[in-house]
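Atom set for the values below is all heavy atoms of this structure, side chains included, hydrogens, waters and symmetry mates excluded. Nothing here was measured: the structure is a model prediction, and the numbers come from that model.
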Amino acid sequence: MSTPTISRESVPVVASAAVRPSGPGSRIARWRGGARHLVPVLFLLPTVLVFGLFSWWPIIRSLLLSFQQTNLVEPATWVGFDNYQTLLDDPLLGKAVVNTLVFTGLALLIGFPLPLFLAVLMSELRRGAGLMRVLVYLPVAVPPVVAVLMWKWFYDPDSGLFNEMLGKVGLGPYPWLQSADTAMASLVVEATWAGAGGAVLIYLAALASVPTELYEAAELDGASVRRRLWHVTLPHMRPVLLIMMLLQVINTFQVFTEPFVLTDGGPEDSTVTVLLLIYRYAFVSGDYGAAAALSVSLAAVLAVLSAIYLRLTRAWGTK
């Protein structure tokens, strides 16, 4: 019996791929599809241009200025690394760096745990929590210079509020800002008062995200308040705490308003900080190249410290 043969013409041909339509209509459809993707870019473009003009261009300009000598009026002269050498030859630079580190250390010692303690305390309140939040955040709403001038009166050695109150109990008067031993600590206390309110609100938001079931289980197990704080609250707030510590280090490294208004770097240059030294280079000595060089150096140090910190704490924040 012979096998029937099937001719090629009788087999239906199945298209392996859809044929893209051509013609003016298809081109218009493709153009409209591409235009839809351009719309977000067009909306974002003004923001990118403004951000680049006011954020990135000053950074690039400062980097170029750090290798130049200029008074910002006459044409700049390229001097290479001479501005950085000027910084290294300045004996006040080392003192400013040490003072900045001391301020940062004291701010972390005083100003970092205090907002967390206030947030935990306020989260336990059953009455008056809203009023407490307003009172804690109120210093943040005060303009920084106004707050510093108010504290300058508080610290006044003759008629200041602190010495008046201490005098009623037979203490003082104390030279808060006039002594090199107490000036830096006085600046830290004012800076902590002025900036703690924002951190308290952030910690309160983080505390609200901790599951209440964990606290209930800890109470059933007989855990004290301290143990609940250590084993329940802090582990869940670890990512927030790590970021807040990094932000505080960056902010305290750039302290300027307090030493500028309260002490002007004194007494005996005990409160001269890096940013105050930058101000003196630029607006007192007119050496804008050295000021730019110190600004770039500070930015580079903060960038390196931030990268190292994030690298070391990456695993801690995810546990």
Side-chain angles (χ1 to χ4, degrees), residues 51 55-56 59 97-125 129 132-133 136-137 139-141 144 184-185 187-218 223-258 273-275 295-319:
F51 185 81
S55 295
W56 289 105
I59 295 175
V97 172
V98 172
N99 291 339
T100 303
L101 292 175
V102 170
F103 183 91
T104 301
L106 290 176
L108 290 176
L109 184 64
I110 300 174
F112 186 74
L114 180 61
L116 179 60
F117 172 77
L118 291 176
V120 173
L121 183 63
M122 291 168 58
S123 66
E124 298 294 331
L125 292 178
M132 287 295 298
R133 294 182 184 184
V136 168
Y137 192 74
V140 181
M184 186 62 76
L187 299 187
V188 172
V189 170
E190 188 280 331
T192 301
W193 173 86
V200 170
L201 294 186
I202 293 175
Y203 290 144
L204 283 173
L207 286 170
S209 65
V210 180
T212 57
E213 295 82 1
L214 297 178
Y215 289 117
E216 294 173 356
S224 61
V225 176
R226 183 182 62 83
R227 293 181 64 85
R228 291 199 302 268
L229 175 65
W230 184 259
H231 295 287
V232 178
T233 305
L234 293 182
H236 280 80
M237 294 182 61
R238 187 183 292 119
V240 177
L241 292 173
L242 294 177
I243 293 298
M244 290 296 292
M245 179 174 287
L246 176 61
L247 293 177
Q248 184 164 351
V249 169
I250 293 175
N251 289 333
T252 52
F253 259 85
Q254 302 177 75
V255 60
F256 172 76
T257 305
E258 286 79 8
T273 60
V274 173
L275 247 67
S295 301
V296 171
S297 301
L298 177 62
V301 169
L302 289 177
V304 172
L305 288 178
S306 300
I308 295 174
Y309 179 85
L310 292 174
R311 179 76 175 182
L312 293 176
T313 59
R314 182 181 302 172
W316 301 347
T318 57
K319 289 182 180 178

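- Residues passing the side chain to side chain contact (heavy atoms under 4.5 Å, CB included) test with F51 are S55, W56, sequence neighbours excluded.
- Atoms CG and CD1, from L247 and I202 in turn, are 7.5 Å apart once rounded to the nearest 0.5 Å.
- Remark: T104 pairs with T252 by the side-chain hydrogen bond (donor to acceptor under 3.5 Å, both in side chains) rule, at least two apart or across chains.
- Not a single side-chain hydrogen bond (donor to acceptor under 3.5 Å, both in side chains) links S295 to another residue, sequence neighbours left out.
- Here ring pair (Phe, Tyr, Trp, His ring centres under 6.0 Å) pairs that include residues 193-213, with residues two or more places apart or in two chains, are W151-W193.
- Within the model, atoms CG of L207 and CG of L116 stand 7.0 Å from one another, a figure rounded to the nearest 0.5 Å.
- One N or O on the side chain of Y309 and one on the backbone of L242 form a donor-acceptor pair closer than 3.5 Å.
- Minimum interatomic distance between F103 and V255 (heavy atoms only, all atoms of both residues): CZ-CG2, 3.6 Å.
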**Q.** Evaluation steps, side chain to side chain contact (heavy atoms under 4.5 Å, CB included), between L106 and L187
**A.** CA-CA 10 Å; L106 290 176; L187 299 187; over 6 Å; no

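- Residues L121 and M132 have side chains not in contact (no heavy-atom distance under 4.5 Å, counting atoms from C-beta outward).
- With sequence neighbours left out, the side chain to side chain contact (heavy atoms under 4.5 Å, CB included) criterion links P211 to E213, L214, H236.
- Counting heavy-atom neighbours within 6.0 Å of F256 CZ, excluding the residue itself, gives a total above 12.
- G111 approaches Q248 most closely through the heavy-atom pair C-NE2, 3.6 Å.
- One finds the OG1 atom of T313 at 11.5 Å from the CD1 atom of I308 (value rounded to the nearest 0.5 Å).
- Scanning both residues, S306 and I250, for their nearest heavy atoms gives OG-CD1, 3.7 Å.
- Between the OG atom of S209 and the CG atom of L204 there is a distance of 11.0 Å, given to the nearest 0.5 Å.
- Remark: T273 OG1 to E258 CD distance equals 9.5 Å, nearest 0.5 Å.
- For L101, the side chain to side chain contact (heavy atoms under 4.5 Å, CB included) test picks out V97, F253, with sequence neighbours left out.
- Closest heavy-atom contact between P235 and W230: CD-O, 3.3 Å.
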